Amino acid sequence: TAVRYLIEEEDVFAVWGDVGSGAVAALPVFEETGVPYLFPYALAPDMYEPTKPNVFTIVPASSLQEEANGNWIAENYPGHAEDDPKFGMLTLNSPDGADAVKGFKASAAGEWVVAEQQFERTTTSWKPQLEALKSAGVTDVMLHASDAWTAKMLAEAQEIGFDATFYASTGAVTLLIFDLAGDDVVEGTHAVSILAAANDTEVPGVQEFLDAFAEYEPGYQPGTFALHSWVGGLAIAEALNQIEGTPTREALMESLESIEDFSTDGITGNLTFTEEQ
């Protein structure tokens, strides 16, 4: 409804943003109208499959992220495979949650999965799921959840004496998680991330981002989602600057698709957009 209002009533040139897999609900409107949908922070496979000519994103699908996560875990696991690690999975009951499970199971650590639990968006306590994983003898847990949910999960695991190692998804990688759970609770948790840390001043792109906030929003501490939006802005500006004459929606999409190996100065990997991907 909101997207239709922006397009039909406000006659917007494009729509930039949105966070969460709820962005999928808006896809039919974008497919119907052809209005560019730029850089939503959404991981659901519907955002990518099939490729949509007017939808642009820098967030890899959950399956790709968690397969990379699982491969890293297998290579860097502090013990050994012969130590019989037992992984549990605690994931949101959603398309991107199912995609995360699919990717992790396809990874080198996938053969260690012995138990799975799901939760709904309305869940307020994860102790039943955590107790079930604990009872299954799980030694390590892969979480697919937001920062707020992950913070509560980690705190509740500590409350029930569940001494497992936790691996989180990209949605948990924010500075807020330390405020919500406390440094001692979060310490030792690993997570896959598509962005540099929003306070990592050793990354040139992050320093430029922080300098801009210091100038235009003094006193505000920007986080992960602001940094993601900043990267989207870099790509949009690059595309608009390549257009000769008055920009059109078609010219913007064509220009975005011409971006190849675009550097974000260390915030992300270099960006390339094509008609196929």
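Remember, it's a predicted structure, so these values are computed and weren't measured experimentally. By convention here, the first residue in the shown sequence is residue 1.
- Between E131 atom CD and Q117 atom CD the span is 11.0 Å, to the nearest 0.5 Å.
- More than 12 non-hydrogen atoms from other residues, nucleotides or ligands lie less than 6.0 angstrom from CD of E31.
- A salt bridge does not link K102 to E67: none of the charged nitrogens lies less than 4.0 Å from a carboxylate oxygen.
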Practice item. Carefully, step by step, assess N199 and V206 under the rule side-chain contact (heavy atoms from CB on, under 4.5 Å). Key: CA-CA 7 Å; N199 62 347; V206 174; over 6 Å; no
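- To the nearest 0.5 Å, atoms CG (D140) and OG1 (T165) are separated by 5.0 Å.
- Between Y77 and F87, the ring planes are tilted. Angles from 30° to 60° get that label.
- Between the side chains of D99 and S62, not a single donor N or O lies within less than 3.5 Å of an accepting N or O.
- Of all non-hydrogen atoms in A164 and V141, the two that sit nearest each other are CB-CG2, 4.1 Å.
- Between the NE2 atom of H144 and the CG atom of L43 there is a distance of 6.0 Å, given to the nearest 0.5 Å.
- Grouping the Ile, Leu, Val, Met, Phe, Trp and Tyr side chains by contacts below 4.5 angstrom, directly or via other members, places V113 apart from V192.
- With a 4.5 Å cut-off on side-chain heavy atoms, P247 and L252 do not count as touching.
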Practice item. Check step by step if side-chain hydrogen bond (donor to acceptor under 3.5 Å, both in side chains) holds for T274 and E257. Key: CA-CA 5 Å; T274 69; E257 287 175 355; over 6 Å; no
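- Salt bridge E32/R4: present, at least one basic N to carboxylate O contact under 4.0 Å.
- R121 places none of its side-chain heavy atoms less than 4.5 Å from the side chain of N93.
- Under 3.5 Å, the side chains of Q65 and S169 contain no donor-acceptor pair of N or O atoms.
- Between D46 and L27 the shortest side-chain heavy-atom distance falls below 4.5 Å.
- A 4.5 Å side-chain heavy-atom check between P222 and L227 finds every atom pair outside the cut-off.
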**Study point:** Worked check of side-chain hydrogen bond (donor to acceptor under 3.5 Å, both in side chains) between S125 and E156
**Key:** CA-CA 8 Å; S125 174; E156 289 188 337; 3.0 Å; yes
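- Between M153 and L143, the closest heavy-atom pair is SD-CD2, 3.7 Å.
- With hydrophobic clusters built from ILVMFWY side chains whose heavy atoms lie under 4.5 angstrom apart, V186 does not share a cluster with V173.
- Under the side chain to side chain donor-acceptor pair (under 3.5 Å) criterion, Y167 pairs with no residue at all, not counting sequence neighbours.
- Taken from CD1 in I177 to CG in L154, the straight-line distance is 5.5 Å, to the nearest 0.5 Å.
- Looking at heavy atoms from C-beta onward, W72 lies in side-chain contact with H190 at the 4.5 angstrom threshold.
- When side chains are defined from C-beta on, I236 does not count as touching F56, because their heavy atoms never get closer than 4.5 Å.
- A side-chain donor-acceptor contact under 3.5 Å links D211 and Q207.
- When hydrophobic clusters are built by joining Ile, Leu, Val, Met, Phe, Trp and Tyr residues whose side-chain heavy atoms come closer than 4.5 Å, directly or via intermediates, L64 is not grouped with V231.
- In this structure, the side chains of T264 and L271 come closer than 4.5 Å at one or more pairs of heavy atoms.
- Residues W149 and F119 place their aromatic rings such that the two centres sit under 6.0 Å apart.
- A salt bridge does not link E254 to R249: none of the charged nitrogens lies less than 4.0 Å from a carboxylate oxygen.
- We find the NZ-CG distance between K86 and D84 to be 3.5 Å, quoted to the nearest 0.5 Å.
- Using cut-offs of 30° and 60° on the angle between ring planes, the pair W230 and F209 is perpendicular.
- The two residues F39 and L256 have their closest heavy-atom pair at CZ-CD2, 4.3 Å.
- With Y37 as the fixed residue, the ring pair (Phe, Tyr, Trp, His ring centres under 6.0 Å) test singles out one of F30, W16, F13: F30.
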Point to revise | Trace of the side-chain contact (heavy atoms from CB on, under 4.5 Å) decision for Q118 with L92 | key: CA-CA 6 Å; Q118 292 184 323; L92 177 64; over 6 Å; no
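- Put simply, CD on Q129 and CE on M89 are 14.5 Å apart, with the number rounded to the nearest 0.5 Å.
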**Study point:** salt bridge (charged side-chain N to carboxylate O under 4.0 Å, His left out) evaluation trace for E111 with K105
**Key:** CA-CA 7 Å; E111 62 182 3; K105 285 186 172 180; over 6 Å; no
